[in-house]
Each structure stands twice: as C-alpha cells, then as structure tokens.
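Below is one structure, written out as structure tokens, with a few remarks after it.
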Amino acid sequence: MRRHVCFEMFWIIFIVGVMHAIQPAYTQNRPADFSEDGRVGVMDLYYLLPQWRAPEIGGDLNQDQKTDGADLLQLKSQWHDETDTANPYKEGRAVGIHAITQQGGEKWSSGELEIDILNRSQAKTLQRSKPDDPEALSPARLPSNQLMFELIQQCADELDGRRSSTVRPQADGIQYGTAYPDIGTFWNWSIWAGWGANFSETYTPEGEAYNWVIHFAPEAIYVSLQNAKFNYSSVDVFAGVYSFWGAIVSPDGDRLRSSYLNDLLSIGISLNLSIKVIPFGPSPNAVVSKGVSFYREGAITNLQRAIQFSTGLSTSFELIPLPIDIPISVSLDHSEPGFGFNAGFYPIIIWDLDEEGAGNPVDSIVEGLEQIAGDESTAYKNVAAQQFASMVLPLMTHMSSESTSANAAYFIQFLQNNSLTGSGGEGTIDGLISEAEEWLQTGDASQLPEEVKKAGEFDFPVFYEYMKGVQSGAQMGFELGYIRGYESSGRTDTIYADGLVIVPCAVGDWCYMEVSAEEISELIPGSSPGDFEGVPVYFDNDPLTYLNTEGTETSSIIRDGIAWHEFLYQSNSPVIVGVRISKSDNPYNKYIELKRRKVIPEERAYIYANEKAVADEVMTLRTAALDENGLPLIKPATVTFYDSRGYLLGGPVKTQEGIASIELIPRPTIPEIDSFLETQIGYTEEDAEPGYALEGRGFSKDADVWIDGVSVNERSDWIWQVISSQSILFLPPNEQSLLTQPSRIQVVNPKNIASEEFLFTP
C-alpha cells in the first residue's frame with residue numbers, strides 16, 4: 001500500500017533524549033472539585049455518592065475503572081483544598097474536548113473538538129471564514145450545471161434498457177428496464193427518499209437542482225430522475241449535495257402519476273448551520289444545511305398536502321458577509337421546457353405489500369426493506385439491493401411506529417391522516433404547511449414565519465444521523481436500476497463483478513483503495529493480469545470531493561499490476577465508490593464494472609457541536625455512536641464528556657437512538673507543557689532527521705510556539721505541526737539549526753492565551 005507523504009501523517013517519533021515521565025490525561029492527582037466552585041467540599045461528595053461502584057465515570061479519580069473507597073480517600077485527602085485560580089479568560093479556544101462511549105465491554109473514544117469562544121460583539125459581526133487557498137474561492141472550481149445535466153441524461157439512458165422514451169401503462173406484469181407513467185400508493189400516500197445536487201454558476205439569484213429519487217409503492221420500488229430551475233433569495237455562487245425524505249397524498253388516490261409530479265413546483269426553505277456536525281478536515285468552507293420543501297401546482301398559492309425534509313452540505317462564495325446567526329435561503333421553482341420529471345418511474349425491486357390499510361405507511365415499507373436487507377447473497381444485483389435496503393432502513397425505522405423518538409411522533413401524526421386536507425395545529429407538519437401557505441399568499445418573502453424558519457419541530461441532529469446513509473443507499477438503488485436496464489436490453493458487452501469491498505477509513509484523513517490487475521483478470525476467462533497493464537481504472541468521486549472538482553470520476557492507470565485511488569474522507573457518512581473500466585480501454589472490448597467499494601468510518605464514536613460559541617452562553621455538545629456498518633447505534637450506550645486535561649465536562653448520559661448530549665458553558669483552555677524533547681522524525685530510523693517533540697495539553701490547532709520570546713514561524717525553514725491538543729512536532733532544516741543553548745519554550749493559543757514557560761536544556 002502506497003505511503004502518503006503528508007506532513008500531518010508521516011511522523012514516526014524516536015525519542016533519543018532523556019525521557020521524562022509524562023502524566024496521562026487522568027492522574028492520581030486529579031482535583032476532586034467536580035462542582036467547580038474553587039474548593040473541594042460537600043457538593044463534590046454529593047456528586048460522588050450516586051456514582052458509587054459504577055464503572056468508567058467522572059468520579060473515578062484514580063482511574064482504576066470504578067468509583068469506590070479509593071476515590072473517596074483521594075477526595076478526603078483534598079478536603080477543603082483550594083483548586084487552581086479560576087480561569088480569567090472569557091474569549092479564546094476550548095480545545096481537546098472529547099467523549100468516551102461505552103457499551104458492554106466495548107469502549108470508543110471520539111476525536112477532539114475545538115470551539116472558538118467569541119464575545120457578543122464579535123458574534124454579531126463575524127464573517128464566514130474563508131479557506132486559506134484563494135483559488136478555492138473561485139467559482140470556476142465548482143462543478144458546472146451542464147455537467148450535471150449530462151450526468152442525469154446518462155443515468156436516464158442507463159435506466160432505460162430498451163433505449164426508448166416510450167412509457168408503458170402500468171400493468172400487473174411489471175417489467176424491469178421500462179418506464180411507467182404512474183405507480184401505486186399506500187392508501188393514498190406516496191413516500192420517497194433520495195439524494196440530489198444544486199448549483200448556481202453566477203452571482204445571480206438563479207440555480208438548478210438535480211435529484212435521484214427512490215419511490216416506494218406497494219407493488220415495487222421505483223427510481224426517477226428529476227431536475228428543476230429555481231430563483232432564490234441569496235446572491236452567491238454555490239454548490240450543494242443533500243439527502244431527502246418526502247411524502248405526498250396523491251389527488252388520484254391509489255395512483256401517483258408522473259404528469260402530476262411534473263406540474264408541481266417547490267418552495268424550499270434552506271438553513272445553513274454553523275454546526276460542525278462532522279469533522280470536515282481541511283474543508284472549512286463546507287457548511288451543514290437543513291431544509292424543508294413545500295409543493296404547489298403551477299402558480300396556485302394553495303399548497304399540496306406534501307412535505308420534503310433534507311439535510312446536506314454546501315459550498316458557497318457570498319458577495320455579502322454572513323453573520324454567525326443562521327442564514328436562510330428561500331428558493332422558488334419555475335417551469336421551463338426540459339426541466340421537471342426527467343425520467344422514470346423505473347422499477348428496481350418488485351415486491352408485494354399491502355395497498356390498502358390505515359396508520360403509518362412507513363411501517364409497511366420497513367417490513368419489506370427488512371427482508372431485502374437480510375439477503376446474504378454475493379451476486380451483484382443482490383448486493384446492490386441489500387446495501388440499498390440496509391442504508392435506507394435506519395431512516396425509515398426512525399419514522400416508523402416502532403420508534404419511540406419525538407421525531408417519530410412528529411411524522412406519524414402527519415402520516416396517519418391520508419386525506420387531501422390536513423389536520424393539526426402548531427407543532428405539527430400540517431401546521432407547518434399551513435404557516436407556509438399563509439406566508440406564500442402574503443407575497444412578502446421577507447416576513448418568513450418563525451415556525452417555517454425553524455423548518456419543522458423535530459430534533460435535527462438526530463434526523464441528520466439517520467439521513468446520512470440515504471445518499472449511498474440511493475446510489476446503490478440506481479446501480480440496481482442500471483443493471484436491470486442492461487439485462488432487459490439484451491446487451492452482452494458488460495461484465496459485473498459480484499461482491500462488495502468494505503474500506504474502513506479515518507474521518508478527516510486520506511482514504512486509500514486499490515484495484516489489482518489480478519482482480520480484473522479473474523472476471524475474464526483466458527486473460528492474465530499483464531493484459532491490463534497501462535489500462536485506466538475509473539473511480540467515482542465522493543460527493544464532497546466532487547464539490548471541489550470539475551468531474552464525477554478520477555482515473556488511475558494500472559502500473560505494476562495496481563491502480564490506486566485516494567480521496568480525503570471528509571464525513572463520517574458511508575460512501576459508495578463505483579469502480580469501472582471502459583470498453584475501449586481494454587483488449588477484451590468489454591465494459592467492466594468492478595466490485596463497489598463501501599467506505600465506512602474507522603471511528604465508532606465522534607463528537608460535534610457548533611464550532612463557534614458566545615462567551616458565558618450555554619451550548620450543546622453531542623456525540624454519535626456508530627455500529628460496525630457506520631450507521632447509528634441502536635442499542636443504548638453510555639457517554640461521558642471530558643476536556644483536554646481529562647476533567648469531567650458532563651455525563652455519564654445514555655444514548656437515545658445513537659445520540660447523547662450535554663449542555664455546558666465552554667471556557668477557553670490555558671495550554672500546559674509537560675516536556676520538550678529531542679527526537680528523530682521520519683518513516684524509519686534510517687531516514688529519520690533530528691527534531692523536537694513538545695508534549696502537554698490544551699494546544700489549539702492554531703497555536704503559535706515561542707522559543708525565547710520569538711515565534712517559531714520566524715525561524716528560517718523550520719517545519720512544524722500541531723498534531724493534537726497534546727502534541728506538537730518540529731523539524732529544523734538541518735543539524736546546524738538545532739537549539740544549542742538553554743531555551744524558553746511557550747505555547748500561545750489564539751487570543752494570546754499562553755502556557756507557562758518551559759526551560760529546555762540541550
């Protein structure tokens with residue numbers, strides 16, 4: 001496997017100086033001032049009491065995996081001790097915040113979170129941060145609308161196995177590779193999910209959206225392609241990818257017609273959040289968004305009984321600076337020839353669910369998906385169906401009658417009534433639609449109702465977790481649609497490889513995968529690996545990479561029997577990477593669709609919050625626990641939150657549907673230095689070069705380091721990197737640049753919050 005020569009990744013440290021004992025994050029000298037009132041007293045004893053004999057929680061002062069008499073003795077030894085002077089800082093960075101999640105005998109640690117704490121005046125005038133690379137702000141870096149239009153047309157051709165635009169009337173004998181003009185409903189309800197992308201290429205309030213949609217009907221699961229042009233309230237260049245779930249009561253009762261969908265126009269409310277929901281790595285310009293869409297027929301201002309909720313990521317380049325407050329964008333579809341219901345309905349899975357009934361139609365869908373998700377066959381079609389079902393199933397289960405969440409109650413109340421007229425007031429989906437309708441009829445887009453502005457009364461972070469598998473699930477659904485179309489066309493020019501390759505990757509790091517010539521030759525009898533030397537292999541770009549490139553694929557040439565692909569894994573969502581070889585590029589004149597790669601996060605837990613906070617104001621920290629497939633952990637787990645020193649911030653708390661949260665007032669961190677040691681830095685001992693390792697706690701990712709009162713940045717050609725909140729590495733250009741005299745070392749976090757001076761003696 002190829003080594004990645006990135007500064008933050010290649011460090012291997014060999015300590016050659018005299019090692020000093022480095023205190024672990026939890027020490028036997030840990031203060032017992034749990035109440036943070038400046039002294040150890042009765043309130044701290046009360047804190048310890050309910051945790052007696054409990055494992056792995058905040059009262060375990062000596063870190064022996066339980067709270068018992070030894071911890072009580074330690075607390076007694078500190079009785080009435082005064083703790084450190086209160087932190088005098090109101091602004092700065094709270095760094096090294098992390099969470100420990102435990103379930104049974106397993107325990108997972110999240111990565112670290114850093115929060116920028118601002119004063120109130122800063123928060124009101126703050127502009128959205130820009131990437132360091134000015135070129136990243138160029139609208140030319142965004143994908144083009146034309147590229148997306150060509151892609152959606154290509155998808156339509158692949159789905160239509162008969163290469164005909166003719167749609168067939170619906171019949172009992174449903175055929176794959178055929179487009180139908182209408183589909184069945186669940187007692188008037190039609191449910192869909194999918195993913196899409198939207199773009200604006202110029203600084204005008206116009207954009208285009210492209211959607212890959214999965215429709216659930218009693219007789220089958222279908223796919224369709226839809227695109228639209230819209231006007232919106234912002235003035236910027238932007239690109240976004242998003243997942244969505246929607247429902248509509250069909251005016252035709254037991255059928256939903258494509259002609260009806262083609263007449264609908266949407267009104268979208270999008271809220272861009274400054275929440276660092278996922279560890280974006282080096283993509284600070286990607287913003288998490290949530291949205292809600294309403295629907296009307298043509299110019300009519302009355303809204304249909306329909307809703308769509310979405311979550312996604314977007315990159316935008318505003319002409320007007322945005323404050324820290326949530327920016328809102330309103331979009332209105334408008335009709336134009338060539339836009340609307342582009343292709344479909346194409347069946348991808350034929351099943352037989354109840355067409356008539358009452359209650360929540362999602363329950364029937366869950367029942368069908370569970371059977372498909374349980375298929376263990378490795379055949380290409382079965383793998384595509386199984387992966388589609390397993391990645392969409394958590395969202396559907398979250399909305400089903402089996403769920404006890406507040407979100408489920410919100411959706412169930414809406415879905416239990418299958419009439420064209422809604423019922424329900426404030427705090428319901430029908431109430432939300434009514435508010436939007438009244439607002440639309442005023443003709444004043446600036447006076448957005450508060451309920452519409454919030455985009456629904458449901459727990460968005462939890463909803464986001466369950467939506468994360470939808471995009472990859474929908475992609476696998478379309479993969480299944482493509483092979484259905486291929487088979488029905490009678491073509492024989494494509495080879496589909498059975499199976500699926502799971503690729504665990506660290507979030508925020510480079511994800512590496514490879515294809516061997518041997519893997520390809522095994523698919524073609526009589527071939528040898530050498531036949532594919534020099535052949536290009538095409539890998540799908542992941543969604544966030546796509547937002548910063550001009551294409552949907554990246555090619556890699558097979559050299560020495562291997563083609564490799566890497567991308568920055570910027571979210572903890574599952575990612576499906578299609579891998580193919582073009583017919584014209586190989587000697588066997590066949591399209592070769594290799595095993596899909598499913599990328600899942602190595603981490604089983606992570607922490608997120610708004611990455612900016614206002615001094616002395618309460619904020620929420622959340623952590624999410626994942627199962628072995630990168631999907632939300634259903635069984636309850638226990639979560640405890642800590643700061644960079646290992647001091648308790650909150651918990652233990654139980655997860656609910658994979659999420660646990662606490663509220664706190666974040667405080668700026670004062671960095672501390674434990675040691676500054678000579679070290680060797682490199683891949684191996686043979687190529688290692690002399691440098692330094694600074695160890696301690698509370699180091700900001702944007703910290704500076706002063707050596708004898710001068711920033712390390714002013715030392716000619718020194719390379720250095722903040723590795724974590726506990727470690728910083730330095731590589732001088734040569735041995736002549738090493739420190740030869742006793743030196744004072746100091747770490748300085750933003751807002752000039754500095755550590756003590758540490759004396760280093762060579």
Side-chain angles (χ1 to χ4, degrees), residues 30-41 43-44 46-47 58 82-99 110 112-129 271-277 284 287-288 321-327 450 453-454 459-461 607-623 639-653 660-672 697-703 725 747-756:
R30 178 179 173 185
D33 181 22
F34 304 110
S35 60
E36 297 188 346
D37 61 358
R39 66 197 298 271
V40 178
M43 294 304 296
D44 305 299
Y46 278 119
Y47 175 88
E82 297 292 330
T83 57
D84 294 339
T85 304
N87 189 332
Y89 300 105
K90 294 292 185 181
E91 305 156 33
R93 300 286 181 89
V95 308
I97 296 171
H98 62 284
S110 73
E112 296 183 338
L113 179 70
E114 182 165 323
I115 300 171
D116 191 4
I117 303 172
L118 313 170
N119 62 43
R120 192 170 299 278
S121 61
Q122 284 178 310
K124 290 181 179 179
T125 60
L126 179 73
Q127 297 183 15
R128 181 176 295 172
S129 60
L271 295 85
N272 291 332
L273 307 176
S274 56
I275 293 177
K276 192 178 179 68
V277 176
V287 177
V288 175
L322 293 175
I324 194 173
D325 299 324
I326 294 175
E450 193 62 33
K453 189 182 297 184
K454 290 186 294 186
D459 191 331
F460 169 72
I607 190 171
Y608 57 87
N610 191 322
E611 58 184 339
K612 297 185 184 299
V614 179
D616 293 329
E617 288 194 5
V618 175
M619 69 176 299
T620 301
L621 288 184
R622 288 183 171 89
T623 188
V639 182
T640 313
F641 296 83
Y642 299 96
D643 68 8
S644 63
R645 303 166 297 173
Y647 288 3
L648 180 75
L649 292 177
V653 292
S661 64
I662 62 167
E663 291 188 340
L664 80 161
I665 298 176
R667 299 179 180 177
T669 303
I670 302 174
E672 304 173 30
R697 61 193 62 81
F699 306 149
S700 167
K701 62 183 180 182
D702 296 319
S725 68
V747 176
V748 183
N749 281 354
K751 297 293 183 182
N752 289 319
I753 300 179
S755 70
E756 78 287 6

Fill in: Euclidean distance, Leu113 CG relative to Ser644 OG, rounded to 0.5 Å
12.0 Å

Discussion item. Under the rule for salt bridge (charged side-chain N to carboxylate O under 4.0 Å, His left out), what residues qualify as partners of Glu112, not counting sequence neighbours?
Written reply: none

Discussion item. Go through it in stages, so that I can follow the logic: the residues are Leu118 and Val614, the test is side chain to side chain contact (heavy atoms under 4.5 Å, CB included), and I'd like the CA-CA distance, side-chain angles, deciding distance and then a yes or no.
Written reply: CA-CA 5 Å; Leu118 313 170; Val614 179; 5.7 Å; no

Practice prompt. Locate the shortest heavy-atom distance separating Ala99 from Val639; write the atom from each residue and the value.
Written response: CB-CG1, 3.9 Å

Item to complete: Quick one: closest heavy-atom pair of Ala94 and Ile97, and the distance?
Response: CB-CD1, 4.0 Å

Worksheet item: Taking it one step at a time, do Phe641 and Leu648 satisfy side chain to side chain contact (heavy atoms under 4.5 Å, CB included)?
Response: CA-CA 6 Å; Phe641 296 83; Leu648 180 75; over 6 Å; no

Discussion item. Any carboxylate oxygen within less than 4.0 angstrom of a Lys/Arg side-chain nitrogen, looking at Lys701 and Glu114?
Written reply: no

Worksheet item: Which atom pair, heavy atoms only, marks the closest approach of Pro668 to Ile117?
Response: N-CD1, 3.5 Å

Worksheet item: Got a sec, which residues hit salt bridge (charged side-chain N to carboxylate O under 4.0 Å, His left out) with Asp116, two or more places apart in sequence or on another chain?
Response: Arg93, Lys612

Worksheet item: If every non-hydrogen atom of Val747 is compared with every non-hydrogen atom of Pro671, which pair is closest and at what distance?
Response: O-CG, 3.6 Å

Practice prompt. Return the minimal non-hydrogen interatomic distance between Ser700 and Asn749, and the atom names on each side.
Written response: N-OD1, 3.0 Å

Fill in: Spacing of CZ belonging to Arg697 relative to CD1 belonging to Ile670, to within rounding of 0.5 Å
12.5 Å

Practice prompt. Quick one: pull up CD in Glu91 and CG in Asn752 and give me the separation to the nearest 0.5 Å.
Written response: 11.5 Å

Worksheet entry | Under the side chain to side chain donor-acceptor pair (under 3.5 Å) test, residues paired with Glu756 that sit two or more places apart | none

Fill in: Nearest non-hydrogen partners of Val95 and Thr669, listed with the distance
N-OG1, 3.1 Å

Worksheet entry | From Glu663 atom CD to Arg622 atom CZ, the distance as rounded to the nearest 0.5 Å | 8.5 Å

Item to complete: May I ask you to test the Ser755-Glu672 pair for a side-chain heavy-atom distance under 4.5 Å?
Response: no

Worksheet item: Hey, does Ile115 have a side-chain heavy atom less than 4.5 Å from the side chain of Met619?
Response: yes

